[in-house]
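Report on the following structure.
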Amino acid sequence: MAEFLYLYRGGQRGWSAEDSQQIMQKWMTWFKELGASGNLKDGGQPLEAEGKVVNGKSGSVTDGPYAESKDLVGGYTLIEADTLARAAELAKGCPILERGGLVEVRPVMKLDM
Amino acid sequence: MVAALTRVFGLHNLELAEDVVQDAFCRALEVWKIRGVPDNPSAWLMKAARNRALDVVRRERTARTFAPEYARLLESEWTLANAVQEVFEATDLRDDRLRMMFSCCRHDLPETAQVMLVLALAGGFGVREIAAAFVSKPAAVEKRLTRAKQKLKESGALFDIADDTDFLQRLPTVQRALYLIFSEGYHGASAKAVVRADLCHEAIRLTRLLAEHPLATPSTRALLALMYLGAARLPARLDAGGNLMALFDQDRSRWNRKFINEGIEWLERSTTGPRMSRYHIEAALAAVHAQAPCTEETDWKAIVALYDDLMQLEPSPVVALNRAIALGQRDGPQAGLAAIEAIEHRERLQTYPFYHAAQAEFELRRDKPENARAHFEAALALARNAEERNFYNGRLGSVPGASSAASDAKMASLAFL
């Protein structure tokens with residue numbers, strides 16, 4: 001088993017209350033499935049759109065990240081799967097896909113020293 | 001709500017669940033004092049409790065473990081709000097309450113402890129209300145509850161009501177606890193009529209929940225029937241002056257017709273099984289009384305026959321006493337007294353005020369006022385509250401010149417205890 005990080009990017013926000021209830025229900029179902037199949041390592045957290053960017057040697061702090069909303073990381077989850085292909089396959093169930101967002105699947109690097 | 005939250009938090013976090021609900025109530029009272037009670041107070045409370053639960057989980061999730069089925073979902077904001085929301089949804093709440101009731105009725109807990117737990121965790125009773133119901137000090141009740149909860153927590157998991165075999169096995173214990181709650185309300189030692197009515201209504205509410213469950217047995221429906229039929233008479237048990245009214249002195253127009261109809265309906269629905277339970281018999285007894293227009297037209301033959309059945313099923317001195325009273329009603333005071341004397345183990349009834357009162361009434365009816373007086377005095381000495389004391393005092397006062405018709409009426413009142 002290897003670990004993979006799902007980075008959720010984009011996806012439309014600001015749904016109506018009813019709409020968001022429905023969406024959250026879908027996330028819930030998906031997480032339950034991942035949990036039941038033993039693929040969920042850590043549910044992770046959703047992220048707010050606002051934030052700060054700290055940059056350069058001087059550590060300058062600016063409001064950010066101001067990426068285009070389709071590129072903005074909206075949250076993360078840690079997954080366990082046999083292969084990258086399998087992790088990618090599992091990501092197809094993510095509700096963010098229905099909202100025009102995408103899931104970036106990244107293997108967690110193992111540093112054997 | 002405590003039952004619902006315990007499902008998410010896990011049984012080991014029982015106190016946390018109670019705190020959350022308590023907080024929600026306190027907050028509600030504060031807000032309502034200022035802004036007035038909202039249109040839908042229970043929805044408001046539910047929302048307050050849900051929000052409070054979310055806060056608590058966020059604060060505690062690193063320090064505590066929650067129920068294994070939910071732990072995962074509570075860890076992540078992706079799912080936390082929904083997971084909590086889910087357990088607050090109506091259909092679940094019903095099952096949660098049942099699950100809690102079943103969990104509380106453990107064989108290794110004394111019945112009183114079971115009853116207190118059911119009231120505190122599945123019902124909506126606070127420590128003070130439970131103390132009032134059992135005429136006990138809040139601190140003492142608190143102590144008992146703490147011990148019982150500890151035991152409950154040790155069991156590790158809530159009772160699984162989805163397992164049919166387990167459900168049916170535990171069911172009689174749950175029924176018994178509910179029956180005790182009702183009895184405590186109906187004959188209880190608490191002097192406050194409101195306290196007792198609350199207990200009766202809570203027992204009905206919880207039993208109804210159980211009776212509507214798909215696995216509920218005919219005896220569960222009979223239990224509910226008997227509660228409705230008994231509670232129907234509550235409004236007439238005290239007269240305008242707050243005096244205890246014997247069954248047959250009661251103003252029958254004050255009996256709750258709706259409850260009588262409910263009771264009869266549930267009794268009819270309970271006649272499906274092969275086995276007759278004591279609840280069936282007791283409900284049938286209550287139904288005979290409820291349907292009689294007055295004392296004289298009560299079907300005492302039927303009542304004696306039902307007590308005979310009950311003696312076969314679950315013989316006890318108290319049942320035998322009731323049977324003797326009904327018999328005396330049917331065949332006269334001499335027969336009644338003879339039947340009382342024939343009760344096995346009747347020494348166990350010595351501390352039971354109705355035992356002495358029954359003999360007093362029969363003695364009165366066969367014109368032995370001296371005997372009657374002695375028995376009424378014994379009953380008076382055992383009376384458990386002011387209402388009962390007033391009642392026996394009144395009976396005592398009426399001894400010398402008591403007309404036998406009035407005595408008839410009082411006598412009959414004891415036939416259904």
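Just so we're on the same page: letters track the sequence lines, and every chain starts at 1.
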- prompt: Heavy-atom distance under 4.5 Å to chain B: side chain of A:Tyr8, backbone, both or neither?
  reply: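 Contact with chain B: side chain only.
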- request: Heavy-atom distances under 4.5 Å only: say whether A:Lys26 touches chain B with side chain, backbone, both or neither.
  value: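 Neither part; nothing is under 4.5 Å.
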message: Centre-to-centre under 6.0 Å for A:Trp30 and B:Trp78, is that the case here?
response: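 No: the rings miss the under 6.0 Å criterion.
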What donor-acceptor contacts under 3.5 angstrom involve side-chain atoms of residues 51-58 of chain A, with partners at least two apart or in another chain?
| unit_1 | atom_1 | unit_2 | atom_2 | d |
| --- | --- | --- | --- | --- |
| A:Lys52 | NZ | A:Asp63 | OD1 | 2.6 |

- request: Salt-bridge test for B:Lys149 and B:Glu15: reply yes if a basic N is under 4.0 Å from a carboxylate O, no otherwise.
  value: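 Salt bridge between B:Lys149 and B:Glu15, a charged N being under 4.0 Å from a carboxylate O: no.
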- request: Go through A:Lys110 and A:Glu3 one step at a time and tell me if the salt bridge (Lys or Arg N to Asp or Glu O under 4.0 Å) criterion holds.
  value: CA-CA 9 Å; A:Lys110 289 196 181 104; A:Glu3 284 180 18; over 6 Å; no
query: Given that the side chain runs from C-beta out, which part of B:Ala81 has a heavy atom under 4.5 Å from chain A: side chain, backbone, both or neither?
result: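 Contact with chain A involves no heavy atom of B:Ala81 at all.
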